[in-house]
Amino acid sequence: MRTWHRDPKAGVPRGLLVYTDGSAQGNHAPMSASEHDILPAAWAFAVWAQCDGGLFFLGASSYATTPPDTPFHLGEVRHSHVKGHSGEPGNELCDIMSKCSRHCTVGPYERCLPTWPHQWLKHEFWQWGWLAHHSSPVYPALPALEVSYHVTAATYNVLTLFDPGAAKGRGSRSPDPGLMIAGKKDLLKTQFLAADLWLIGMQETRLPTSAVLPDRDFLMLNVAADDQGHHGCALWINLHHAFAHDGEQAHKIHRDQVVMTHFSPRHLQVHITTPRLALTVLVLHAPKIQAQGEEAVAAFWRARADDLCQRPPHSECIVLADANSHIGSIVSDSVGSAGAEDENREGFYFQQFLRQIACFVPSTFPDVHHGPHWTWMAPGDNACTHRLDFVAVPLEWKPFDQRTQVWYDLEALQMRKDHMALRYHCAFCKLQPGTKHVAFRGRAVRPPRCPTTEERATFAAQLAALPAAPWHLDVDLHYLQQAQSLAQIGTGFCPVTPSHATQTYLTEATLQLVGQRKAYRKYLRLEEAERSRRLLMVAFAAFLLNARGQTFTEAMQTCAEAWLTQIDQSLAHALERLYELTTAVRAAVKRDRVSYLDALAGGIALHDLKDPKSLYAAVRKAFPKASSSRRMRFQPLPAVRLENGMLAPDAASRRQRWTEFFQAQEAGEQVAPEAYKQLFHRPDFPVLPDGPVFEIHALPTLLDFEQQLHAAKYGKASGPDALTAELLRLSVPASSAILYPVSLKASLQVREPCEWRGGSLISLAKRATAAYECRAFRSILLASVVAKTHHRLLRDRLSSAYRESKTELQSGQLPGVGVDSLSLLARTYQLRVRHLGYRCALTYFDVKAAFYKVIRQSLVRTDADASDAGFLAVLYDLGVPESALPELIAHLRSMETIAAAGASPHLQSQVSDLFRGSWFRMDHTGPLVATRRGTRPGDPLADLLFAFAFSAYLRSAEEALRRNNLHTFVPPAKYPLPDLLPDIAGPEPPEMGCLAWADDYSHLQMHKCPTALCERVRAATGVLLTHATANGMELTFERDKTAVLLSSDCPRAVGTAAGLQPAADDMLVLEVKDDIKCETRHLPVVASYKHLGSITVANATPTAEIQFRFVQAVSVLRHLQKKLFASRDILLRTRRTLLRSLVVSRFVFSSASLVLQAHTHRRRWSQCFLKLWRGLLPPVAPEHQQHSYAVLALAEAPSPLLAMAQARAVFYHRIHREGPQALVLLLHAHWGEAPKASWLGQFLWDIRAVAPYSEAAQAFLATDDPVKALLQAFSEDPHWWTKQVGKAIRAYQADLRTWQGHGVTTQPRQKVPDSGQYRCPHCASSFRLRKHLCTHLARAHQQYSIARHFVPAPFCLACHRYFHTVTRTQHHVKRTPACLRRLAHVLKPMTLTDILEAEAVDRLRAKDIRKGKWRVFEPAQPVVTAYGPRAPTYTEALGDGTDASITLDRLQRQYRPSAAVLAWVNAYISGDFMSLIDSVPGNLDSAVQCKRMMMLRDRMKQQSAYRAPADGQPRGVSRLECL
């Protein structure tokens, strides 16, 4: 045979001929029946090359067949005999070779061949293998049909995610654990990323919050622990892991593809929806029968099975479990025999669960699991081990390539062995057709914020080179071309960010320690195995010797002992080193965390005050607590409740639920593109009702457009066009050159691009308490930055019309009037009404989803001939009855609020066009929703358009209130205002309307009769409610929403003529009627209310607000004091500035509206002010604190009174300049009537504080009315008083420096012993003032005021008057001798325990108020008298005791005071103070007696300590003995 390799005449082959043949014994069955034929057979094939010179032999192969199910079986028995040997050499050669091979005796397993052909043959797609490398346009490529999957998972009971050094106790571990978990989290992350794990389920996380933990590499879903801090589950999803490959495309998880469907402290179930995989993951921690009982365990597994059965169809499932179960002894399809343990009852329920969900546990099958099986080790020596942790996957996955292994090397900073992680790996392929899944994940084009000059020039040149768009081009196409060009050019200026895992703060040295500890743990496992092997060898030798009748010789014993001692010593040394490394790793992690924070804090010192922006950016990076409280860091779990109360089962349902919720708010409709076109061309109101319009002042100018681009804020989200402020500000002139024509065209044509009419909505959680309810979220519209620029220009042109149309007390949209001005107006109204002897009520209103509920037809002109279908749909959605619809439609259509405000027709048409075709979608793949209602929240025009509608509502409602005589009544001033202040302009205080800020407003009422006042409140609220409904608004009646604050002198008893009624949660309500909807609503009656950041209380005292603002400031100071404000590594000047701006200024200037006329209020405010400045010093005990002057000198701060004077001067300057005029007039009227109780009257204290440093202030004090003189100066020069206060502050600081320069010590104050006429009868202390002695008696000797011993309840048992609180009752008894004398005859004096129990409620309320919890505030209510017989005294009950019918039992039960008690009470009533404290009865409380004995013993020891011993040498006295 001529061979092609050796014959030089062969040449290039034109084709190949393949001959095949087989040899087998005859009479074989058909192919279908011969699959299991094991008779000898063989196969052969030969290949020949067709060349120009003929056929040339290339090669041949033959072998005997192998039986089925062997590694080298290729299905050779599937054959049929072919006759007709033609004598061709190729065919004859194959025949000879196959017959020779059939007689070969080589075994079927002894072949040096690969095994993959056999595996491929077993695959269901083996017949399509020829497509793997076939390249032809006729057939599809095989990778287009097949998707390969790589699933990796782990389950791990982590015991706790908190670092070993984290603070203990649930109270210390705040809801935002932050860096308390950072060390352990980052260490676990590093190992999970290195192992390329995709899904990690963890149990016993013990974190206090259900939320998504912030991380860039993992989606960390965490379910909180229970109330005791136990349990808690987490699922970490690796965002970098490619779980599937479709050709060259790698599929990874995106955050929006994960939805949580069920959760509890013991389990977490999520559903993952991707284009290539639908997967449900369940993380669970099963209970144990010993702890929870068998019924609870069975119910737990049943509930988990039910949860999984509710997963979407075609969804696979993975269970990551700490099952607390023993399985293996009973084998089934779900459980194998590998690592078997005797099945317990928990294992029985686990097996039952696996059968119900059709899953199996791979780690129980020997061909899947590798290595030891145990995942938990009990504490102690010779501890037992068990397999408790499992990964369960569907039974359909059994044929896949799977592997499980216990991860004994995982480092989790644990000192001893406990739970071990179980890893699971699975790889498989699926024949899946290509899916059409469109997902637009737009990336914002965001260049660096500080580009170089060359980059700016290059950007401008590239924009200038773009072809100019013709003016006649359609506005949509015009903007699309320009936006795409901008984005394409800007992409070249964006830095490339690699998508890899972020680097943690753990250093390389720490990771090396982790590696060493890992190596030692591996070494320990090997040594333990070696020790076990040696023990087995010794035992086997003993068995052999025993069988032979021999024993160990001495040499054998010595050898065995040395052998075992050697391994024990090795284990001991390794274990000791392991413990050392454990401590070292923990310390290293903590050290790295401290170093990381120090580096961030050190970066603050590198910034200068000349660049405050970068300085505060560095502070916020190092200390997130310094960020604005408006930024919501809480990220809720990806779950939402459907209308039926169940959580959404998948991403589509979740997205649809959000869409429907926000769609309902704006009366939206899901539309297709064609339907949207029809809606756009047939809007609900005409855009140009009278034809084309034009006004030059309504057009945006190029200058205005460029100024808006310059003012665009960095870091804001982009709209669908991907344009950002960073991109547009690369070169504002160049950007304006291509974008301004679009803005001008949109204004001239009165038609904006469709891209400007909407955007993507994202939902933000309002609070964490209801994180799964739609109502707990608000939406933000992510619109085009260019559209916002255009709408800001339109807003500026509409502002002048709004300024003329708004009510006087409507604020929030225009600069000038702040929330503190309205708070001061309400507070002044309260104080003035109380001074005049009236009762007042403040009704606060909250509009539900205010910006979403605005009816657009009330703003712009509507055609009477237009279709009412859309309009009626909006009104039906509001719940308006059909009978009221005609009148309501006519009313709304006739409003034309913007036209009535004086806006030009061109501006009106632009607003109408703004509403035409408005749309939103929840994300880039959600349905398009066309909206009919609302002002598009998130747009710069939203608040102004709402303000137009709100002003119309307020005007109509206030007119209705005046018609019904329900308006706010303002009593005329007692003195004419011009007499109080000659230069004041304006009339007497006018009738005030509602106080409004944005969508929050309030209505003020007053009356002398509380019943009439409540009736006015009900009627006025009904009018405001009815008009709100008429304007499409909905009020929310809740305690912190729409509620009424009645003054403290109004009775709050149910059933009175005032009309108060009980409701849930012990709350009182007033019934209010909505005349349009014919509904009755319940208006809550409250004693305190937080309005516009200010706390209003029923008795108008500032205590609650002082504490609230102080706690707010302390919340920032507490987290930053040690690391920032008191850190000596940062310049004092920088720390001082940061503390002033972040903490102190907020407290001081937010308190400017307070009325602090009482001395106790001023003192408390001053104490809070000084405590905040002490943040510059490390926290120490009160007795070791530095002098107040030293603190103020260090801080370069003014005195508390000067600080308040400065804040009040700045505030009054703004009121004097901006108004509102009603506030100015009301302030002066109140000052004229009650100078000492008014806000303006506080200027007297300011003048006194400034007087030592200002001659002008001294001159004011010399006048008859210093405040009037100051106000006169204010009217002449509004800046003069502010400058005087500033000069006084600088002079005060100079005095502080002089004080320090005179050598006055700044060391901690030493307690100066008091000396005076008031001496303590129990110790050697004496005091100058009586109140100091009383305080000492209470604190040191538990000897309290006499009144506290006779008040067990908030009710005086002597006069039958109810004072509502125990404290008020004690004050009454203390000041009423008749009641005290009678109580002494009626009640036995209460012991210390009884007193504390009686005062517990009042004490707890006072403690909560000090913590800033203003909701617990309860004012002093009017005293109520109860009628009925009083408790009789001994004489009244028994007379002189001579009645024969009186039994001994009756005599014993009737209380009769002792002579000592009567002497004690009489001493108090007579005013004999020293006799009072000496005559305290000795049997009030055993604890007091014990205290007195201890004091007496200490005094005797102290006296003996000062006696000289016998040898005449003085003897030292310890500090403890002196104390």
Side-chain angles (χ1 to χ4, degrees), residues 440 442-495 696 698-759 782-797 910 913-914 939-941:
F440 301 97
R443 183 184 297 273
V445 182
R446 203 178 299 277
R449 298 182 181 180
C450 299
T452 62
T453 305
E454 292 77 9
E455 289 175 338
R456 293 183 186 274
T458 303
F459 178 74
Q462 293 182 9
L463 290 185
L466 292 174
W471 178 256
H472 60 77
L473 193 64
D474 181 78
V475 66
D476 286 299
L477 186 59
H478 189 172
Y479 179 71
L480 181 63
Q481 290 181 358
Q482 304 296 54
Q484 289 179 348
S485 300
L486 259 174
Q488 184 177 2
I489 294 174
T491 304
F493 294 87
C494 297
I696 192 64
L699 302 179
T701 65
L702 179 60
L703 175 62
D704 293 340
F705 194 85
E706 289 187 352
Q707 286 179 342
Q708 289 294 340
L709 289 187
H710 277 296
K713 294 182 179 180
Y714 289 139
K716 296 297 182 180
S718 67
D721 53 15
L723 303 184
T724 61
E726 289 84 350
L727 174 63
L728 301 179
R729 290 177 61 177
L730 270 178
S731 176
V732 171
S735 301
S736 301
I738 68 171
L739 293 176
Y740 172 69
V742 183
S743 177
L744 181 61
K745 182 183 294 186
S747 299
L748 283 171
Q749 297 182 355
V750 195
R751 182 190 166 196
E752 296 182 357
C754 287
E755 190 123 358
W756 293 8
R757 302 179 184 276
L782 303 184
S784 169
V785 175
V786 184
K788 291 182 178 180
T789 302
H790 178 77
H791 293 162
R792 286 193 187 95
L793 297 176
L794 181 57
R795 175 195 171 93
D796 292 342
R797 283 148 180 78
Q910 290 190 67
D913 177 67
L914 182 78
D939 189 89
L941 265 172

For the atom pair [atom1] ([X]) and [atom2] ([Y]), what is the distance rounded to the nearest 0.5 Å?
X	Y	atom1	atom2	result
F705	L744	CZ	CG	10.5 Å
L727	T491	CG	OG1	8.0 Å
K713	R729	NZ	CZ	11.5 Å
I489	I738	CD1	CD1	7.0 Å
Q707	L793	CD	CG	9.5 Å
S735	Q482	OG	CD	11.0 Å

N/O donor to acceptor pairs below 3.5 angstrom from side-chain atoms of residues 461-474, sequence neighbours left out:
from, atom 1, to, atom 2, distance (Å)
D474, OD1, R751, NH1, 2.9
D474, OD2, D476, N, 3.0

Positive for side chain to side chain donor-acceptor pair (under 3.5 Å) with E752, one of H791, K745, Q910 |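 It is H791, the one option of H791, K745, Q910 that forms the side chain to side chain donor-acceptor pair (under 3.5 Å) with E752.
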Measure the shortest side-chain to side-chain distance between L941 and L794 over non-hydrogen atoms and say whether it is less than 4.5 angstrom.
-> yes
Taking side chain as C-beta onward, heavy atoms only, is P447 less than 4.5 Å from F459?
->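 P447 vs F459: side chains apart.
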Looking only at heavy atoms, which two atoms of G490 and V445 are closest? And how far apart?
-> C-CG1, 3.5 Å
For G715 and E726, work out which heavy atoms get closest and say how close.
-> N-OE2, 2.7 Å
Check whether any side-chain N or O of [X] sits under 3.5 Å from a backbone N or O of [Y] as a donor-acceptor pair, and report yes or no.
X	Y	answer
Y740	P700	yes
R446	Y714	no
S718	L723	no
Q708	T789	no
E755	D721	yes

Not counting sequence neighbours, which residues clear ring-ring contact (aromatic ring centres under 6.0 Å, His included) with H790? List them please.
->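 ring-ring contact (aromatic ring centres under 6.0 Å, His included) list for H790, sorted by chain: W756.
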Of R792, R795, R797, the residue whose pairing with D704 passes salt bridge (Lys or Arg N to Asp or Glu O under 4.0 Å) |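 Considering R792, R795, R797, a salt bridge (Lys or Arg N to Asp or Glu O under 4.0 Å) with D704 is found only for R797.
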Evaluate whether atom CD of Q488 has more than 12 neighbouring non-hydrogen atoms of other residues, nucleotides or ligands under 6.0 angstrom away.
-> no
